Novice: 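Below is the structure I would like to discuss, written out as structure tokens.
Quick note: residue numbers are just sequence positions, from 1. Just so we're clear, the structure is a prediction, and the values are computed from it rather than from any experiment.
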Amino acid sequence: MNEYDSDKMVDILAGTGTETVVRTDTPEDADIILFNTCSVREKAQEKVFHDLGRVRHLKQLKPGLVIGVGGCVASQEGAAIVARAPYVDIVFGPQTLHRLPELIAARRASGRAQVDVSFPEIEKFDALPPASTTDTMSAAAFVSIMEGCSKYCTFCVVPYTRGEEVSRPFESVLAEIASLAARGVGEITLLGQNVNAYRGAMSCSAGGSAADGAQSDDFADLALLIEAIADMPEIERIRYTTSHPRELTQRLIDIHASTPKLVPHLHLPVQSGSDRILAAMKRGYTVLEYKSLVRKLRIARPELSLSTDFIVGFPGETAEDFEKTMKLIDDVGFDASFSFIYSPRPGTPAADMADDTPQEIKVERLMRLQKRIEELAFAVSQAMVGTVQRVLVEGHARKDAAELAGRTANNRVVNFAGGERLIGQFIDVTITAALPHSLRGEVVIAA
């Protein structure tokens with residue numbers, strides 16, 4: 001989501017029409033420097049001020065330079081950022097990044113720092129420019145369909161920095177995707193902090209009915225949105241992220257069975273394998289309920305690849321709690337995970353919970369968990385050897401510029417020999433070898 005927001009900042013400034021703004025990778029050449037911050041990682045606030053300190057001298061050399069701080073730390077700290085770093089010109093939250101041109105203009109006109117970390121809800125979606133494509137030569141694009149989260153997990157700062165769940169209107173999303181499809185985009189990733197909680201307002205002419213479960217009271221769910229996107233012939237592949245188990249409805253599960261364009265890959269964060277810890281996290285489900293969802297998903301889509309999130313060392317986590325997490329990993333057979341040692345986020349309930357587990361034990365647990373996930377992921381990769389996979393060619397291979405790299409439907413990177421003309425195309429590749437973090441392949445030559 002933060003990468004998406006960063007790209008939007010570039011689009012917004014480049015499209016203001018009041019001045020020519022182009023991107024530069026050299027801070028010394030910049031007239032505007034923006035920091036897009038994330039408060040998920042430990043000591044996020046201190047890192048922001050450390051990074052700000054690295055550009056402070058540029059402000060002295062170029063007084064007209066505008067320095068801005070956006071994102072979740074900006075939303076969390078607000079005017080305190082300017083109080084601590086007076087050379088900062090603008091502070092804006094995730095929901096007000098679309099106001100960047102106005103904030104910069106107001107700073108230049110008034111000579112005073114501008115702070116806007118409000119939550120104007122749907123206004124952001126209405127004001128954003130069309131979605132940018134990714135680096136896959138216009139073959140793929142991210143589309144934000146909702147913002148915020150209303151679950152208030154005890155460890156999470158998102159509801160406080162991004163606000164509660166707000167969904168973009170159904171027709172607005174479809175119009176943007178249709179525009180992208182007309183520009184040659186073939187893969188769409190639907191984005192949201194809690195994307196399967198999407199409830200987009202529909203007009204009377206949008207189709208569907210409350211009786212068929214697709215909508216209720218003129219609101220479309222994620223399943224209906226995916227169905228509508230799948231009806232667009234130009235779109236070959238659909239993804240969505242990130243999900244919450246509490247919002248994984250039977251309708252959405254059924255869509256995985258009935259919609260081949262929806263990839264056989266799902267990121268479904270579980271966080272822990274202990275019911276006691278899940279309750280302390282206020283996740284709203286049990287391990288048994290989570291496993292039931294997985295069983296239903298794999299009945300609907302047997303080849304489904306499942307990734308997840310884990311927090312290791314949550315306050316009060318015992319050795320028994322952790323062993324339950326390890327058991328869940330084997331029971332489910334996760335394909336990948338984002339896993340971290342718990343770090344407190346200011347203002348969240350978990351930050352006040354007692355935590356007496358030594359750091360070295362937390363590190364040992366994390367390494368053990370990650371090792372097991374890697375073993376399971378490698379087994380899945382090995383099972384793909386000899387199969388033909390549909391691959392979206394993203395560009396040159398990271399370690400060998402003479403080769404190309406693509407991504408499979410189940411989100412694996414494949415490196416293979418091929419001409420540059422293939423970049424941005426969907427092609428078939430035979431998987432020839434499985435490596436620890438990638439696959440090797442050969443392009444299938446049409447007869």
Novice: Ignoring hydrogens and angles, write down the donor-acceptor pairs under 3.5 Å from the side chains of residues 80-92, residues two or more places apart or on other chains.
Specialist:
unit_1: Arg84; atom_1: NH1; unit_2: Glu46; atom_2: OE2; d: 3.2
unit_1: Arg84; atom_1: NH2; unit_2: Glu46; atom_2: OE1; d: 3.1
unit_1: Asp89; atom_1: OD1; unit_2: Lys59; atom_2: NZ; d: 2.8
unit_1: Asp89; atom_1: OD1; unit_2: Arg107; atom_2: NE; d: 2.7
unit_1: Asp89; atom_1: OD1; unit_2: Arg107; atom_2: NH2; d: 2.9
unit_1: Asp89; atom_1: OD2; unit_2: Lys59; atom_2: NZ; d: 2.5
unit_1: Asp89; atom_1: OD2; unit_2: Ile67; atom_2: N; d: 2.8

Novice: Run Asp5 and Arg162 through side chain to side chain contact (heavy atoms under 4.5 Å, CB included) and show every step you take.
Specialist: CA-CA 12 Å; Asp5 283 350; Arg162 286 186 176 264; 2.9 Å; yes
Novice: State, to 0.1 Å, how close Glu165 and Gly148 come at their nearest heavy-atom pair, and which atoms those are.
Specialist: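 Minimum heavy-atom separation between Glu165 and Gly148: CG-O, 3.7 Å.
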Novice: For residues Ser274 and Asp321, report the shortest heavy-atom separation together with the two atoms involved.
Specialist: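 Smallest interatomic distance, heavy atoms only, reads OG-OD1, 2.8 Å.
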Novice: If we only count heavy atoms from C-beta on, is the Glu171 to Ser203 side-chain gap below 4.5 Å?
Specialist: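 Yes; the side chains approach each other to less than 4.5 Å.
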Novice: Side chains of Gln193 and Thr242: any donor to acceptor distance under 3.5 Å?
Specialist: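 Note: Thr242 and Gln193 side chains miss the donor-acceptor criterion.
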Novice: Check whether any side-chain heavy atom of Asp31 sits under 4.5 Å from a side-chain heavy atom of Val66, and report yes or no.
Specialist: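 No, every pair of side-chain atoms sits at 4.5 Å or beyond.
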Novice: Check whether any side-chain heavy atom of Ser118 lies under 4.5 Å from a side-chain heavy atom of Thr96, and answer yes or no.
Specialist: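 When only atoms from C-beta onward are counted, Thr96 and Ser118 do touch, with a gap below 4.5 Å.
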Novice: Identify whether the distance between the nearest side-chain nitrogen and carboxylate oxygen of Glu303 and Arg298 falls below 4.0 Å.
Specialist: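 The answer is no: the pair does not qualify as a salt bridge.
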Novice: Let's go through Glu374 and Ser337 carefully: what are the C-alpha distance in whole Å and the side-chain angles of both, what is the deciding distance for side chain to side chain contact (heavy atoms under 4.5 Å, CB included) to 0.1 Å, and is it a yes or a no?
Specialist: CA-CA 9 Å; Glu374 288 176 0; Ser337 78; over 6 Å; no
Novice: Verify the ring-centre separation between His267 and Phe338: is it less than 6.0 angstrom?
Specialist: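 Judged by ring-centre distance (under 6.0 Å), Phe338 and His267 do meet the cut-off.
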Novice: Looking at Tyr160 versus Tyr152, is the centre-to-centre ring distance below 6.0 Å?
Specialist: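 When the ring centroids of Tyr160 and Tyr152 are compared, they turn out to be within the sub-6.0 Å range.
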Novice: Where do Asn415 and Leu439 land on the side chain to side chain contact (heavy atoms under 4.5 Å, CB included) test, with the steps shown first?
Specialist: CA-CA 6 Å; Asn415 296 311; Leu439 301 168; over 6 Å; no
Novice: Establish, yes or no, whether a centroid distance under 6.0 Å links the rings of Tyr198 and His244.
Specialist: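 Ring centres of His244 and Tyr198 not closer than 6.0 Å.
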Novice: Begin from the C-alpha positions of Leu306 and Asp335 and carry the test side chain to side chain contact (heavy atoms under 4.5 Å, CB included) through to its verdict.
Specialist: CA-CA 5 Å; Leu306 195 67; Asp335 192 13; 5.6 Å; no
Novice: Check whether Arg301 reaches the backbone of Leu262 with its side chain - one donor and one acceptor, N or O, closer than 3.5 Å.
Specialist: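 Checked: pair present.
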Novice: For a quick check under 3.5 Å, do Ser339 and Gln370 share a side-chain donor-acceptor pair by atom type?
Specialist: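 On atom types as modelled, these side chains qualify, holding a pair under 3.5 Å.
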Novice: Distance-only, no hydrogens or angles: does the Ser292 side chain make a donor-acceptor pair with backbone N or O of Leu288 under 3.5 Å?
Specialist: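 Not a single qualifying donor-acceptor pair exists.
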Novice: Under 3.5 Å, is there a donor on one side chain and an acceptor on the other for Asn410 and Ser305?
Specialist: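 Per modelled atom types, Asn410 and Ser305 side chains form no pair under 3.5 Å.
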Novice: Between Lys261 and Glu227, does at least one N-O distance fall below 4.0 Å, as a salt bridge requires?
Specialist: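 Between Glu227 and Lys261 there is no salt bridge, as every charged N stays at least 4.0 Å from the carboxylate O atoms.
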Novice: Charged N to carboxylate O under 4.0 angstrom, Glu375 versus Lys371?
Specialist: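 Salt bridge between Glu375 and Lys371, a charged N being under 4.0 Å from a carboxylate O: yes.
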Novice: Do Asp331 and Lys291 sit within salt-bridge range, that is, some charged N less than 4.0 Å from a carboxylate O?
Specialist: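 A salt bridge links Asp331 with Lys291.
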Novice: Taking the side chain from Glu289 and the backbone from Thr286, do they hold a donor-acceptor pair closer than 3.5 Å?
Specialist: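 Side chain of Glu289 to backbone of Thr286, a donor-acceptor pair under 3.5 Å: yes, one is there.
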Novice: Side-chain contact test, heavy atoms from C-beta onward, threshold under 4.5 Å: evaluate it for Tyr240 versus Thr189 and give yes or no.
Specialist: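 When only atoms from C-beta onward are counted, Thr189 and Tyr240 do not touch, as no gap falls below 4.5 Å.
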Novice: When you measure from the side chain of Thr154 to the backbone of Pro349, do you find a donor-acceptor pair of N or O atoms at a distance under 3.5 Å?
Specialist: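 Not a single qualifying donor-acceptor pair exists.
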Novice: Tell me, do Val143 and Arg168 make a side-chain contact under 4.5 Å, heavy atoms counted?
Specialist: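 Yes. Closest side-chain heavy atoms under 4.5 Å.
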Novice: Less than 4.5 Å apart, any side-chain heavy atom of Ile235 and any of Ile238?
Specialist: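 They are in side-chain contact.
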Novice: Would you please indicate if the ring centroids of Phe334 and Phe310 are separated by under 6.0 Å?
Specialist: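 Yes, they do, as the ring centres are separated by less than 6.0 Å.
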Novice: Would you say the side chains of Thr241 and Arg239 form a donor-acceptor pair under 3.5 Å?
Specialist: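 There is no such pair between these side chains.
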Novice: Tell me, yes or no, whether the heavy-atom count around Met326 atom CE, taken from other residues, nucleotides or ligands under 6.0 Å, exceeds 12.
Specialist: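 Counting other residues, nucleotides and ligands, CE of Met326 exceeds 12 neighbours.
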Novice: Do Ser381 and Arg412 meet the criterion of a side-chain donor-acceptor pair at a distance under 3.5 Å?
Specialist: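 Yes, a side-chain donor-acceptor pair sits under 3.5 Å.
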Novice: Name the residue from Lys362, Arg365, Arg276, Lys324 that meets the side-chain hydrogen bond (donor to acceptor under 3.5 Å, both in side chains) definition with Glu317.
Specialist: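 Exactly one option meets the side-chain hydrogen bond (donor to acceptor under 3.5 Å, both in side chains) with Glu317, and it is Arg365.
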Novice: Are side-chain N/O atoms of Asn36 and Ser6 paired as donor and acceptor at under 3.5 Å?
Specialist: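 Indeed, the side chains of Asn36 and Ser6 share at least one donor-acceptor pair under 3.5 Å.
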Novice: May I have the step-by-step check of side chain to side chain donor-acceptor pair (under 3.5 Å) for Asp428 and Gln389, ending in yes or no?
Specialist: CA-CA 6 Å; Asp428 290 329; Gln389 300 289 324; over 6 Å; no
Novice: Any heavy-atom pair between the side chains of Leu100 and Leu34 that's under 4.5 Å?
Specialist: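 Answer yes - side chains close enough.
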Novice: Residues two or more places apart in sequence or in another chain: which of them pass ring pair (Phe, Tyr, Trp, His ring centres under 6.0 Å) with Phe314?
Specialist: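 Only Tyr342 meet the ring pair (Phe, Tyr, Trp, His ring centres under 6.0 Å) criterion with Phe314.
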